[in-house]
Q: 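To start, I am sharing the structure in question, which I have written as structure tokens.
Everything numeric here is computed off the predicted structure, so don't read it as measured data.
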Amino acid sequence: MPNYVPYLLLACIAILITVVTAIRKREPFAPILHLSFAGMIYVFEVFVLVVFEAYTYYPKFLKNPYLDSMVGATFSNFFIIPSIGVLLAFYQPRRLWIGFFALTMGGIDMLFIRLKLYSHEGWTSWYTIFALLFFFMMCRIWIRKIQEGNRPFCYLTYLMFAFSTTDSIMFTLLLSGLRRLKMGLYQNPYRDDVILTVSSAFVISLLLGSVIYATNKRRYWAAAWVISIIGQYILYRTGHLILFVKPWIYAVAYLAFLGLATWIDKSGLKLLRAYVQKEKITS
């Protein structure tokens, strides 16, 4: 069996969980919460996977081993774990279920090691279980804070949603072969690219997302775009952004990215605020 099959199976199960939850609860906010939880996991993975290299994935989607591992991480972080978080958040089951899902994911962790789909480098399956126990308990509490209209929680929910979508889109730019980011932090150029891509995605999410969250005025969005474009130009002029296509082609692709990110951020914010408003009325 090809290595990528179990990864695709997990992704299908995850999508099904979130979609069924959204339908049964009649709640279009469920996918937004899913992406927000994914953003939180991305922050965790930056340190565990990229900085400390605590484990490696082997889905064999790509020929490059490092980028292949990053794609494998996406199936865990973007799909299955956030979907379980959404399920637990909306249904609020007993704590026994939190333990069940954490142990199940720990079991899948062990199975993937046995099947040589994944390996530990300083990590253990017990770390996975304990980390997920904490995360799943947090998911149950997190949605209650959103329902209460707690401003810091609502903002962080939105920021993590924006980060997960922005980082995912920027990762496709990385895989496209249009450019490479270089800081010289790591000997592996792809590891160097990933850490700078994630950092850039977070800065853009913080800038653009915060502006969209605070105001509907387009001139402020335009200002965020200009700052972001200037940042790319500085990276290019200082040699940290290496282009493999003509600059105008990359510029068009980057503008398309900013437009897509803005549209996604606005749509997500609309659903978040609609959910909070509905919960206030029904409570």
Side-chain angles (χ1 to χ4, degrees), residues 7 10-46 49 70-91 101 105 132 135-136 138-147 150 152-175 197-213 257-276 278-279:
Y7 286 90
L10 282 180
C12 291
I13 293 171
I15 293 170
L16 184 63
I17 289 172
T18 297
V19 169
V20 170
T21 301
I23 293 173
R24 290 183 64 86
K25 289 292 183 178
R26 298 180 181 179
E27 189 48 71
F29 174 65
I32 306 303
L33 187 64
H34 178 117
L35 292 169
S36 180
F37 286 160
M40 297 175 195
I41 298 169
Y42 277 6
V43 173
F44 173 81
E45 285 283 70
V46 167
L49 179 61
M70 295 301 108
V71 172
T74 301
F75 281 83
S76 172
N77 306 330
F78 191 80
F79 289 107
I80 190 65
I81 295 176
S83 70
I84 296 173
V86 168
L87 182 71
L88 294 172
F90 276 99
Y91 283 95
F101 282 114
M105 293 307 301
L132 290 179
F135 178 72
F136 290 153
M138 185 203 71
C139 290
R140 294 172 75 245
I141 298 170
W142 197 276
I143 196 169
R144 297 175 199 163
K145 295 297 182 180
I146 297 173
Q147 291 167 349
N150 184 292
F153 276 85
C154 288
Y155 173 71
L156 286 173
T157 299
Y158 175 69
L159 180 61
M160 290 297 99
F161 161 77
F163 173 55
S164 72
T165 54
T166 300
D167 186 56
S168 298
I169 299 170
M170 289 193 72
F171 188 63
T172 62
L173 279 177
L174 186 159
L175 295 178
T197 295
V198 174
S199 301
S200 299
F202 186 80
V203 171
I204 292 169
S205 302
L206 186 61
L207 174 63
L208 182 60
S210 295
V211 168
I212 292 173
Y213 190 85
F257 150 70
L258 287 175
L260 180 58
T262 301
W263 177 78
I264 291 173
D265 288 357
K266 288 174 60 182
S267 301
L269 180 59
K270 184 178 179 180
L271 290 171
L272 169 61
R273 286 178 170 166
Y275 178 73
V276 173
K278 186 188 74 172
E279 289 299 315

Q: Can you list everything that forms a side-chain hydrogen bond (donor to acceptor under 3.5 Å, both in side chains) with T21? Sequence neighbours excluded, please.
A: none

Q: For the pair L33 and F37, evaluate side chain to side chain contact (heavy atoms under 4.5 Å, CB included) and give the outcome as yes or no after the intermediate values.
A: CA-CA 6 Å; L33 187 64; F37 286 160; 3.7 Å; yes

Q: Could you tell me which residues satisfy side-chain hydrogen bond (donor to acceptor under 3.5 Å, both in side chains) with E45, sequence neighbours excluded, listed by chain and number?
A: Y55, N77

Q: Are the side chains of R273 and Y158 in touch, meaning some heavy atoms are under 4.5 Å apart?
A: no

Q: Could you give the distance from OG1 (T166) to CG (L260), rounded to the nearest 0.5 Å?
A: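 It comes to 9.0 Å.
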
Q: Would you compute the distance between atom CG of L271 and atom NZ of K278 and round it to the nearest 0.5 angstrom?
A: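 The NZ atom of K278 is 11.0 Å from CG of L271, to the nearest 0.5 Å.
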
Q: May I ask you to test the M70-L175 pair for a side-chain heavy-atom distance under 4.5 Å?
A: no

Q: Please round to the nearest 0.5 Å and tell me the distance separating atom CG of L132 and atom CD1 of I81.
A: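 Rounded to the nearest 0.5 Å, the CG-CD1 separation comes to 5.0 Å.
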
Q: For S76 and L10: C-alpha separation, side-chain torsions, deciding distance, then whether side chain to side chain contact (heavy atoms under 4.5 Å, CB included) applies.
A: CA-CA 8 Å; S76 172; L10 282 180; over 6 Å; no

Q: Between V71 and F75, which heavy-atom pair has the shortest distance, and what is it?
A: O-CD1, 3.2 Å

Q: Using side-chain hydrogen bond (donor to acceptor under 3.5 Å, both in side chains) as the criterion, list what pairs up with S210, not counting sequence neighbours.
A: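 If we apply the side-chain hydrogen bond (donor to acceptor under 3.5 Å, both in side chains) test to S210, skipping adjacent residues, the hits are Y155.
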
Q: Please tabulate, for the side chains in residues 138-146, all donor-acceptor contacts under 3.5 angstrom to protein atoms that are two or more places apart in sequence or on a different chain.
A:
from	atom 1	to	atom 2	distance (Å)
R140	NE	P93	O	3.2
R140	NH2	P93	O	2.9
W142	NE1	T157	OG1	2.6
R144	NE	Q92	OE1	2.9
R144	NE	R140	O	3.4
R144	NH2	Q92	OE1	2.6

Q: Any donor and acceptor pair, going by atom type alone, linking the side chain of H34 with main-chain N or O of G85 inside 3.5 Å?
A: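 Checking the backbone N and O of G85 against the side chain of H34, no donor-acceptor pair under 3.5 Å is found.
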
Q: To the nearest 0.5 Å, what is the distance between CG (D167) and CD1 (I204)?
A: 10.0 Å

Q: Using distance only, find each side-chain donor-acceptor pair of residues 261-269 under 3.5 Å and give its atom names and separation, not counting sequence neighbours.
A:
from	atom 1	to	atom 2	distance (Å)
T262	OG1	W225	NE1	3.0
T262	OG1	L258	O	2.8
S267	OG	W263	O	2.9

Q: Given L272 and V276, is the side chain to side chain contact (heavy atoms under 4.5 Å, CB included) satisfied, shown in steps?
A: CA-CA 6 Å; L272 169 61; V276 173; 4.2 Å; yes

Q: Who passes side-chain contact (heavy atoms from CB on, under 4.5 Å) against I84, sequence neighbours left out?
A: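 If we apply the side-chain contact (heavy atoms from CB on, under 4.5 Å) test to I84, skipping adjacent residues, the hits are I80, L88, F101, M105, F136.
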
Q: I'd like to check the side-chain contact (heavy atoms from CB on, under 4.5 Å) partners of V203; sequence neighbours left out, ordered by chain and number.
A: none

Q: Applying side-chain contact (heavy atoms from CB on, under 4.5 Å), can you list everything that pairs with A30, at least two apart in sequence or on another chain?
A: A22, V86, F90

Q: How far apart are the C-alpha atoms of T172 and F257, what are their side-chain angles, what is the distance that settles it, and do they pass the side chain to side chain contact (heavy atoms under 4.5 Å, CB included) test?
A: CA-CA 10 Å; T172 62; F257 150 70; over 6 Å; no

Q: When you look at NZ of K25, are more than 12 heavy atoms from neighbouring residues, nucleotides or ligands closer to it than 6.0 Å?
A: yes

Q: Test of understanding: with ring pair (Phe, Tyr, Trp, His ring centres under 6.0 Å), list the residues that count as partners of F29, not counting sequence neighbours.
A: Y275

Q: Which residues satisfy the ring pair (Phe, Tyr, Trp, His ring centres under 6.0 Å) test with F163, sequence neighbours excluded?
A: F202

Q: Just to verify, what does S83 make a side-chain hydrogen bond (donor to acceptor under 3.5 Å, both in side chains) with, not counting sequence neighbours?
A: none

Q: What residues, two or more places apart in sequence or in another chain, satisfy side-chain contact (heavy atoms from CB on, under 4.5 Å) together with I15?
A: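 Partners of I15 by the side-chain contact (heavy atoms from CB on, under 4.5 Å) criterion, ordered by chain and then number, come out as V19, F79.
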
Q: Quick one: pull up CG in L173 and OG in S168 and give me the separation to the nearest 0.5 Å.
A: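 OG of S168 is found 11.5 Å from CG of L173.
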
Q: Find the distance between CD1 (I17) and CG (L87) and round it off to the nearest 0.5 Å.
A: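 If I round to the nearest 0.5 Å, the distance is 6.0 Å.
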
